[in-house]
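We number each residue from 1, following the sequence as shown.
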Amino acid sequence: MKKVNYIILVFSLLLLACKKEGGLKKIGGTIYKNCDNEPVANKTFIVRGVRNTITNGFDYYDLGEVTTDAQGNFRHVYETEVDLTEVQLLRNGKEYLRIYDRDKTGISYYETGIVTHKMVLKVADTLSNLDTLFFSGFLFDYIVGPFENNQTIIFKTAPNIGGGRGLLIGGSRGESYWWWGLGTEEFLKVKFDPMFHVPPNVIRGIPQKLCGTGGDVVIDLTGYNS
């Protein structure tokens, strides 16, 4: 009897060893269209598992389907016997969302996002009322004079926040850089010519937070000569 029990125990351990890489997993979160928290509601996605085999490329696994509710929430439980590199949600046959952290639910995902910044202008009296300040933080914008010293402008721009997940993750942080110029000609030189990618016309290391407030930007035109 002891021998039989021993064999059963060994067999059970072998089964556990075979399945220890996979097992029962879950993914979940909320998907929004934008930072106004407009939900991606009642949408059905194909769930696909991906495993990077390194030597033979990628293996794909059908994990079923998942549908968001009216608030954009989704939750999907699946079982696999292999350790997946990532789980993907597919929409119209294309990658829509890539999830690396399984068993983490409650994450907010965004199709598009914005960051709010405050820009402060330091100017001198030598500027003409007809001068135009062009600037870009991945969304093109401009201001037409007259300018005032310590003038404050609140505006929104696109985030420079990556992650390779197909969608942006709520609360993600990153850094952006801006370029600016007085007049169209100078602005385009600064934007497209690497020789002009230098201060003061290029400002680097500007903190950003998705759907939140980013760092302040100061453009100092005091004594500036283009």
Side-chain angles (χ1 to χ4, degrees), residues 30-40 72 91-98 107-226:
T30 307
I31 305 177
Y32 297 107
K33 294 182 180 180
N34 47 49
C35 288
D36 292 329
N37 288 345
E38 181 183 354
V40 176
R91 186 175 182 180
N92 299 324
K94 299 180 180 180
E95 289 182 17
Y96 177 78
L97 173 61
R98 302 169 66 184
I107 300 175
S108 298
Y109 300 96
Y110 292 81
E111 291 184 338
T112 61
I114 55 175
V115 179
T116 303
H117 288 278
K118 179 175 73 174
M119 184 171 69
V120 179
L121 297 181
K122 302 287 187 179
V123 300
D125 295 335
T126 55
L127 287 179
S128 165
N129 289 349
L130 300 179
D131 281 327
T132 303
L133 174 66
F134 291 84
F135 63 95
S136 176
F138 298 98
L139 286 181
F140 171 78
D141 212 337
Y142 65 91
I143 312 167
V144 180
F147 307 113
E148 297 179 5
N149 192 35
N150 293 320
Q151 181 177 347
T152 299
I153 302 162
I154 305 295
F155 67 96
K156 298 177 180 180
T157 186
N160 183 32
I161 298 170
R165 298 171 183 264
L167 298 183
L168 299 166
I169 296 180
S172 295
R173 297 178 182 272
E175 289 188 347
S176 182
Y177 65 92
W178 289 9
W179 51 91
W180 61 268
L182 284 177
T184 307
E185 183 178 354
E186 183 185 64
F187 174 74
L188 293 178
K189 280 196 305 184
V190 173
K191 183 174 182 179
F192 294 110
D193 191 338
M195 291 182 59
F196 295 91
H197 290 181
V198 294
N201 297 85
V202 173
I203 306 172
R204 303 183 184 276
I206 304 169
Q208 291 196 316
K209 180 181 178 181
L210 180 67
C211 299
T213 302
D216 296 348
V217 179
V218 177
I219 296 182
D220 192 350
L221 299 175
T222 304
Y224 174 74
N225 292 313
S226 60

**Student:** Answer whether the closest heavy-atom distance between the side chains of N201 and E186 falls below 4.5 Å.
**Tutor:**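 A side-chain contact under 4.5 Å exists here.
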**Student:** Show the nearest heavy-atom pair for residues V115 and K209, with the distance to one decimal.
**Tutor:**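 Looking at all heavy atoms of both residues, the shortest contact is CG2-O, 3.5 Å.
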**Student:** Atom CD1 in I143, atom CD1 in I153: separation rounded to 0.5 Å?
**Tutor:** 3.0 Å
**Student:** Going by heavy atoms in the side chains, are Y109 and I169 under 4.5 Å from each other?
**Tutor:** yes
**Student:** Which residues satisfy the side chain to side chain donor-acceptor pair (under 3.5 Å) test with D36, sequence neighbours excluded?
**Tutor:**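 Expected list: none.
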**Student:** Find out whether M119 and F135 are in side-chain contact, i.e. whether some heavy atom of one side chain is under 4.5 Å from a heavy atom of the other.
**Tutor:**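 Contact flag for M119/F135 side chains = yes.
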**Student:** Taking the side chain as every heavy atom from C-beta outward, state whether L182 and L133 have any pair of such atoms under 4.5 Å apart.
**Tutor:** yes
**Student:** Give every residue pair that meets the salt bridge (Lys or Arg N to Asp or Glu O under 4.0 Å) criterion with at least one member in residues 195-208, sequence neighbours excluded.
**Tutor:** none
**Student:** In this structure, are over 12 heavy atoms from other groups packed under 6.0 Å from N92 atom CG?
**Tutor:**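 Incorrect, the count does not exceed 12.
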**Student:** Where do E175 and N160 come nearest, in terms of heavy atoms and distance?
**Tutor:**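 Taking E175 first and N160 second, the nearest heavy atoms are O-ND2, 2.9 Å.
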**Student:** Would you indicate whether the side-chain heavy atoms of Q151 and V123 approach each other to under 4.5 Å?
**Tutor:** no
**Student:** Holding to side-chain contact (heavy atoms from CB on, under 4.5 Å), I want the full list of residues that pass it with T112, two or more places apart in sequence or in another chain.
**Tutor:** N34
**Student:** Compare every heavy atom of P39 with every heavy atom of G72, then report the nearest pair and how far apart it is.
**Tutor:**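 Looking at all heavy atoms of both residues, the closest pair is N-CB, 3.7 Å.
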**Student:** Using salt bridge (Lys or Arg N to Asp or Glu O under 4.0 Å) as the criterion, list what pairs up with E38, not counting sequence neighbours.
**Tutor:**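 For E38, the residues satisfying salt bridge (Lys or Arg N to Asp or Glu O under 4.0 Å) (neighbours in sequence not counted) are K33.
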**Student:** Tell me, which pairs form a disulfide bond (SG atoms under 2.5 Å apart) where one or both residues lie in residues 186-217, sequence neighbours left out?
**Tutor:**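 Qualifying pairs: C35-C211.
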**Student:** Output the distance between atom CZ (F134) and atom NZ (K191), rounded to the nearest 0.5 Å.
**Tutor:**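 It is 11.5 Å, given to the nearest 0.5 Å.
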**Student:** Report the residues that fulfil side-chain contact (heavy atoms from CB on, under 4.5 Å) with P207, sequence neighbours left out, ordered by chain and then residue number.
**Tutor:** none
**Student:** When rounded to the nearest 0.5 angstrom, what distance separates CZ in F147 from OG1 in T132?
**Tutor:** 6.5 Å
**Student:** Kindly give the heavy-atom pair with the smallest separation between D220 and K122, and that separation in Å.
**Tutor:** OD1-CB, 3.3 Å
**Student:** Would a 4.5 Å heavy-atom cut-off, applied to side chains only, mark V202 and W179 as touching?
**Tutor:** yes
**Student:** Nearest 0.5 Å please: distance from the OG1 atom of T116 over to the CD1 atom of I154.
**Tutor:**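 Spacing of OG1 (T116) from CD1 (I154) equals 8.0 Å.
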**Student:** Does the side chain of V40 come within less than 4.5 Å of Y96's, by heavy atoms?
**Tutor:** yes
**Student:** Check S136 against F187 and note the closest heavy-atom contact, atom names and distance.
**Tutor:**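 Heavy atoms of S136 and F187 come nearest at CB-CZ, 3.8 Å.
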**Student:** Does D216 have any side-chain contact (heavy atoms from CB on, under 4.5 Å) partners at least two apart in sequence or in another chain, and if so, which?
**Tutor:** K118
**Student:** side-chain contact (heavy atoms from CB on, under 4.5 Å) with L188: which residues, sequence neighbours excluded?
**Tutor:**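 Partners of L188 under the side-chain contact (heavy atoms from CB on, under 4.5 Å) test: T184, F192.
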**Student:** Check whether H117 reaches the backbone of T213 with its side chain - one donor and one acceptor, N or O, closer than 3.5 Å.
**Tutor:** no
**Student:** Taking only residues two or more places apart in sequence, or in another chain, which ones meet S108 in a side chain to side chain donor-acceptor pair (under 3.5 Å)?
**Tutor:**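 Here no residue qualifies.
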**Student:** Could you work out, with side chain to side chain donor-acceptor pair (under 3.5 Å) as the rule, every residue matching N149, not counting sequence neighbours?
**Tutor:** none
**Student:** Ring pair (Phe, Tyr, Trp, His ring centres under 6.0 Å) with F196: which residues, sequence neighbours excluded?
**Tutor:** none
**Student:** Excluding sequence neighbours, so at least two apart, what forms side chain to side chain donor-acceptor pair (under 3.5 Å) with E95?
**Tutor:**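 Scan of E95 (side chain to side chain donor-acceptor pair (under 3.5 Å), adjacent residues dropped) gives Q88.
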**Student:** Look at atom CD of E185 and say whether more than 12 heavy atoms of other residues, nucleotides or ligands are closer to it than 6.0 Å.
**Tutor:**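 Atom CD in E185 is not crowded, with 12 or fewer foreign heavy atoms closer than 6.0 Å.
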**Student:** If we check side chain to side chain contact (heavy atoms under 4.5 Å, CB included) with Y32, which of these qualifies: L168, L167, N37?
**Tutor:** N37
